S.K.: 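If you scroll down you'll find the structure; I have some questions about it.
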Protein chains: 2
Amino acid sequence: MGQPKQERAVQTRSALVRAAAEVFDEYGYAGAGINRILKRAGLTAGALYFHFGSKEGLAEAVMNAGQDTVEPLLESRGLQRLVDVTLVWAHRLGVDPLLRAGVELSLGHEDFADGAPFESRRELMAGYLREARDLGELREGVDPEVVARFVVGACTGIQLYSRQVDGRASLPQRVKEMWDCLLPGIAAPGTAQDFDTGVARGERLGRMGAQA
Amino acid sequence: MGQPKQERAVQTRSALVRAAAEVFDEYGYAGAGINRILKRAGLTAGALYFHFGSKEGLAEAVMNAGQDTVEPLLESRGLQRLVDVTLVWAHRLGVDPLLRAGVELSLGHEDFADGAPFESRRELMAGYLREARDLGELREGVDPEVVARFVVGACTGIQLYSRQVDGRASLPQRVKEMWDCLLPGIAAPGTAQDFDTGVARGERLGRMGAQA
């Protein structure tokens with residue numbers, strides 16, 4: 001009988017995206033030959049062009065596939081949720097080539113450098129910060145939009161810094177330190193210690209996504 | 001009579017570095033052909049190989065030449081000096097192709113990606129933060145090393161974010177916002193407003209370096 005046609009198509013698409021992510025992660029976008037991707041996926045060039053049109057189309061799919069699978073599972077709200085999203089991201093960058101390839105592509109290649117990945121991330125974070133404000137968690141005068149814009153930029157840079165000095169091994173600790181620097185200035189006075197910014201929390205929440 | 005030989009050598013070296021910076025800035029490192037650099041400098045390949053050995057050697061000189069020329073002229077101390085260094089950097093990235101090319105090279109190319117530009121920047125900033133601590137400007141419990149490491153990463157990322165969304169036009173404003181987010185958490189209680197984080201200050205201090 002075999003699988004229904006549609007299911008096979010989904011599996012083929014997914015195998016190509018994962019193989020491309022691994023090869024982009026290992027060799028960089030420019031160095032990721034199509035043949036290498038096809039060999040890794042065990043598929044033919046026909047499948048790639050049918051599903052994605054080109055290597056660029058495949059790269060775009062990799063970027064989109066690197067979306068957060070944990071975020072919808074989180075139960076926290078407001079500031080703790082903002083913290084959680086960054087902790088999980090730092091943890092998952094260490095274990096998920098799909099996410100890593102997406103980050104590399106969104107930063108490193110002018111074809112994809114329209115700022116859209118930054119802006120969608122900023123909008124996500126601004127939402128949690130508005131929620132935090134409504135919950136009374138923010139210090140008076142703190143603008144959710146300004147903080148969101150800053151946190152997106154800051155995460156991008158500490159990721160690059162840690163990638164270059166230790167292959168991202170320090171990234172979870174650096175994200176914790178970011179919050180240690182930031183929370184006393186943005187959280188309501190005396191509440192910064194109420195938020196859990198620990199590396200262990202990121203690991204625990206990150207595993208949740210992997211099981212889902 | 002002509003110039004003394006040594007003086008001519010310095011001028012040749014400097015012309016090559018500036019031409020390379022402009023071409024790297026306009027075309028990227030990979031797209032910056034040696035012929036284009038030589039044409040811009042009005043010099044021969046012999047001069048390039050004599051002074052730098054290779055295109056990589058020239059790129060390394062560009063990175064080193066992008067050092068801050070304003071920083072030694074600043075009169076501020078401690079936290080205000082840390083703020084000033086970042087304000088001036090944001091302003092100068094808009095007007096100095098040498099600095100821009102240095103930043104691009106230190107981020108974008110694996111040949112140069114050993115983290116050294118990050119680490120030297122971090123050490124500079126940690127020094128100002130230790131001075132700030134000794135001046136009693138830091139909130140209790142704030143670690144100069146942690147803040148320095150975070151600020152270097154954060155600056156890197158907000159630079160990339162602003163480059164991708166508006167060609168760095170917003171960078172000075174974003175650096176101001178970084179300090180608006182950070183200072184209330186790291187400066188001694190009630191003193192955050194004492195520091196001038198304004199875009200106008202960066203412009204004024206930045207011009208100082210251009211005249212020097």
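Not measured: the values here are computed from a predicted model. Every heavy atom of this structure was used, including side-chain atoms; hydrogens, water molecules and symmetry mates were not. Just so it is clear: chains get the letters A, B, ... in the order the sequence lines come, proteins before strands, and each one is counted from 1.
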S.K.: As an exercise: rank A/Gln159, A/Arg174, A/Arg122, A/Arg139 by heavy-atom pairs under 4.5 Å with chain B and give me the winner.
M.R.: A/Arg174
S.K.: Heavy-atom pairs under 4.5 Å with chain A are the metric here; pick the option from B/Gly157, B/Pro189, B/Ala187 that has the most.
M.R.: B/Gly157
S.K.: Who among B/Pro184, B/Ser162, B/Ala192 has the most heavy-atom pairs with chain A under 4.5 Å?
M.R.: B/Pro184
S.K.: So which atom in B/Glu119 and which in A/Tyr161 form the shortest heavy-atom distance, rounded to 0.1 Å?
M.R.: OE1-OH, 2.6 Å
S.K.: Rounded to the nearest 0.5 Å, what separates atom CG in A/Leu182 from atom CZ in B/Phe150?
M.R.: 4.5 Å
S.K.: Given the options A/Cys155, A/Ala154, A/Gly141, which has more heavy-atom pairs under 4.5 Å with chain B than any of the others?
M.R.: A/Ala154
S.K.: Specify the closest pair of heavy atoms between A/Cys181 and B/Val146, including all atoms of both residues, with the distance to one decimal.
M.R.: SG-CG1, 4.0 Å
S.K.: Around atom CZ of A/Arg40, are there more than 12 heavy atoms from other residues, nucleotides or ligands closer than 6.0 Å?
M.R.: yes
S.K.: In terms of heavy-atom pairs under 4.5 Å with chain A, which of B/Val165, B/Val142, B/Asp143 leads?
M.R.: B/Val165
